[in-house]
Amino acid sequence: MADTHNGIIIEGLRKRYGQGDTAVDALKGVNLRVAPGEVVGLIGPSGSGKSTLLKCLGAVIEPSAGRMTLGGKVIYDQGWQVADLRALRRDQIGFVFQAPYLIPFLDVLDNVALLPMLAGQPNAQARQQALQLLQALDVAHRASAMPTRLSGGEQQRVAIARALVNRPPVILADEPTAPLDSERALAVIRILNQMAQQFHTAVIVVTHDEKIIPTFKRIYQIRDGQTHEQPGQAALTPEPGASA
Amino acid sequence: MISLAGRDILHAWGKFVFTGLGLGLLIGVTLTMAGVYRGMVDDAKVLLDNSGADLWVVQQDTQGPYAESSSLDADLYRSIRAMPGVARAANVTYLTMQIRRVLPGGQTSGNDVRAMIVGVAADGPGTPGHPRFLLAGRQLVRGHYEAVADVSTGLQLGERIRIRRQVYTVVGVSRRTVSSGGDPMVFIPLKDAQQAQFLKDNDAIVRQRTRTERNPVLNNPAQPGLLPAVQALQDSYPYVNAILVQLAPGSDPDNVAEPIRRWKRLSAYTRPQMEEILVAKLIATSARQIGMFLVILAIVSAAIVAFIIYTLTMGKIREIAVLKLIGTRNRTIAAMIVQQAVALGLIGFVVGKTVATFWAPAFPKYVLLEPADAVRGLVAVMVICIVASALAIRAALKIDPAEAIGG
Ligand SMILES: Nc1ncnc2c1ncn2[C@@H]1O[C@H](COP(=O)(O)OP(=O)(O)O)[C@@H](O)[C@H]1O
Ligand SMILES: [Mg+2]
């Protein structure tokens, strides 16, 4: 069953930083499962291992033990790791950060189109794909603007478009609503839910933002390097008309 | 795929243009320095061309007349002219001095011009030593008190100049006639030039005459013609600096030079030998001086490019981490940095070439900007820019994509 699941499966994941006396066990056997189309919250106090888990999933650091499956493919299994991490990140994972981190010298459209271009798509096709997503996220009218001209909410929506453009099975969002006010934060979560359903994407949102915690149907709390699943309030109201 | 480097340059064009301008001025100075050297070499070649000689005959064991002083008996040229393979031979004198304009009122003007006075034999057109081409006026034809001046002296046709005690009228203006030191030439008749070069002042003449009169052997009442003859001899100036030799068609310079060296006890140099003396010896120190400048300018340019590219790259750490995280190849990021360095170099080169072309004519000495030097300069700029971007590339490749995710 595990390998036919197209979302995220993490089993017994461990991560130890350093060696010997100074070693830190940041993850001590994490188990986690996100189905396609599902948005789950990952919460926990500072230093509990949230970023470490995200970095393991994001294939920028190597775990010490355990097993990870993304989009039906095993990417890590007890010391074995996929060879081309760069292609893995490009094709399988969309990243959304606390700050949008858009490329300042590319306009909005090319910020999004860059990913399919990096994957080898022709420019026109990549831009077409990017434009569709910008339309879906309601920022297509800013397609030719430079990122610094956009409001915070608009920038974050462009960042979400960028995370989605290669249709990855997985989106990892690290505090995506931290700089936004409550209304805009909820708008971002709403968009993530919409997109997850539309594109069958498994989404993990790392957060300690009280405004959005009640919106999740399922929450993983990470404490002392271990995950504890708990039900959420699923209190996401439908869009109240105006958006961010 | 879009050009990341190009987009970044367009976005931060101000930084690139202003850095490129600064770099361009440095490159302009570099190209000009090379041009100064080329100009010196070219001046030397033109000096040799203008003399119209195939062989230079000078005092034995000297490297005259341009690199060392040389003095020869003024009559020697006749016997050289008679040697096989020689078409023409003419005396010449060279003397660098200050000359003064004579104002219409008769006084001399205060500011003088440094010039090389060339004494040329007035043996008709084609005599070696005369300027080849004139911009205006005519060649020297009268035996005395005429001058042909290089255009860079600023002298006009009909103007009068004072050289030592005599006043000369400018009858011709020549071009690209400068000494190996870059001083403009002023051509005057040989006799006048000899007088100017070897002339003793009045007191010296009086003292010498008195000495001769006191000598009972020379001042012998029994031989009344002897004293005036000796004094006339003492007052003549039977020396020249070199003999310019033109060869008959088909004769080999080395074959003609050989008997001159052996039998006449003189030094004779062929054109390649003379070029070697002028280029390799006379301007060798200047060439090394300029070479030193070129090395320093290259290092300074490299440092500027390296610093700017490094700073621009370090200002993009977060963006580069994001680019890496979303799957950009290291190669693509390195290419972006190299392209920016190369673009900076190209802007600098275009600015440099332009300013060098504009300011070169304003230099007092001839600055020869050779297209081949420009191409070499461009290649050097490109190499410097690529090498200089290495530091930034190294730093960019070390950026960890995990940094984009943060703590
Ligand atoms: N690169 C690292 N080297 C050593 N220890 C680290 C490193 N990164 C994180 N840690 C440690 O791992 C633990 C978990 O950190 P982190 O994953 O950043 O937690 P969170 O994101 O929940 O605040 C902390 O004790 C932290 O000090
Ligand atoms: Mg963290």
Side-chain angles (χ1 to χ4, degrees), chain A residues 46-47 50-62 84-107 109-123 126-127 146-148 159 162-163 165-166 168 172-175 206, chain B residues 1-20 308-309 311-344 347 392 396-407:
Chain A
S46 182
K50 302 186 295 293
S51 295
T52 303
L53 178 55
L54 218 53
K55 285 175 187 173
C56 288
L57 266 174
V60 291
I61 61 173
E62 192 179 346
D84 192 350
L85 297 174
R86 191 181 57 76
L88 173 74
R89 293 198 298 266
R90 187 190 66 205
D91 301 332
Q92 306 287 314
I93 306 167
F95 293 94
V96 181
F97 314 104
Q98 175 170 357
Y101 296 150
L102 300 175
I103 307 299
F105 51 83
L106 297 179
D107 64 23
L109 185 63
D110 282 346
N111 254 286
V112 179
L114 181 63
L115 272 99
M117 287 177 188
L118 287 173
Q121 275 196 36
N123 289 358
R127 290 198 176 115
M146 295 312 274
T148 47
R162 179 174 66 183
V165 70
N166 273 352
L172 304 178
D174 187 11
E175 309 270 11
V206 170
Chain B
M1 184 62 197
I2 48 177
S3 159
L4 293 175
R7 295 302 189 85
D8 193 18
I9 291 170
L10 285 182
H11 186 245
W13 65 269
K15 266 185 215 162
F16 276 87
V17 167
F18 284 109
T19 314
I308 290 298
I309 292 296
T311 312
L312 287 175
T313 305
M314 289 300 99
K316 289 196 291 271
I317 286 184
R318 184 65 84 175
E319 285 79 12
I320 290 171
V322 170
L323 282 172
K324 285 186 167 191
L325 185 70
I326 65 178
T328 310
R329 285 188 181 86
N330 274 343
R331 201 183 338 134
T332 309
I333 289 165
M336 171 173 107
I337 295 169
V338 170
Q339 283 166 19
Q340 290 185 339
V342 165
L344 198 57
I347 296 173
L397 295 190
K398 267 202 260 169
I399 296 173
D400 185 354
E403 278 178 45
I405 294 180

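Numbered from 1 within each chain, the chains take letters A, B, ... in sequence-line order.
When each of B:Val322, B:Asp400, B:Asp8 is checked for heavy-atom pairs under 4.5 Å with chain A, B:Asp8 comes out on top. Of the listed residues (A:Ala87, A:Ala126, A:Pro104), the greatest number of heavy-atom pairs within a distance under 4.5 Å of chain B belongs to A:Pro104. Counting heavy-atom pairs closer than 4.5 Å to chain A, the top residue among B:Lys316, B:Lys324, B:Arg329 is B:Arg329.
Proximity to chain A (any heavy atom under 4.5 Å) is shown, for B:Ala404, by both the backbone and the side chain. Heavy atoms closer than 4.5 Å to chain B are found in the side chain of A:Phe97, but not in its backbone. Only the backbone of A:Leu102 comes within less than 4.5 Å of a heavy atom of chain B; no side-chain atom from C-beta onward does. For chain A, the nearby part of B:Arg318 is the side chain; its heavy atoms alone come within less than 4.5 Å. Using a 4.5 Å cut-off between heavy atoms, A:Leu115 touches chain B through its side chain atoms alone.
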Practice prompt. Could you give me the CA-CA distance, side-chain angles and deciding distance for A:Ile103 and B:His11, then say whether side chain to side chain contact (heavy atoms under 4.5 Å, CB included) is met?
Written response: CA-CA 11 Å; A:Ile103 307 299; B:His11 186 245; over 6 Å; no
Discussion item. Please evaluate residues B:Arg7 and A:Leu114 with respect to the criterion side chain to side chain contact (heavy atoms under 4.5 Å, CB included), reporting the C-alpha separation (whole Å), side-chain torsions for both, the decisive distance (0.1 Å), and the verdict.
Written reply: CA-CA 12 Å; B:Arg7 295 302 189 85; A:Leu114 181 63; over 6 Å; no
Discussion item. Under the criterion side chain to side chain contact (heavy atoms under 4.5 Å, CB included), I'd like the reasoning laid out for B:Leu4 against A:Leu106: C-alpha separation, chi angles, the key distance, then a yes or no.
Written reply: CA-CA 8 Å; B:Leu4 293 175; A:Leu106 297 179; 4.1 Å; yes
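Between the side chain of A:Arg86 and the backbone N or O of B:Gly327 there is at least one donor-acceptor pair closer than 3.5 Å. The main-chain N or O of B:Leu325 is found under 3.5 Å from a side-chain atom of A:Arg89 such that the two form a donor-acceptor pair.
A distance of 8.0 Å separates CD1 of B:Ile326 from CG of A:Asn111, quoted to the nearest 0.5 Å.
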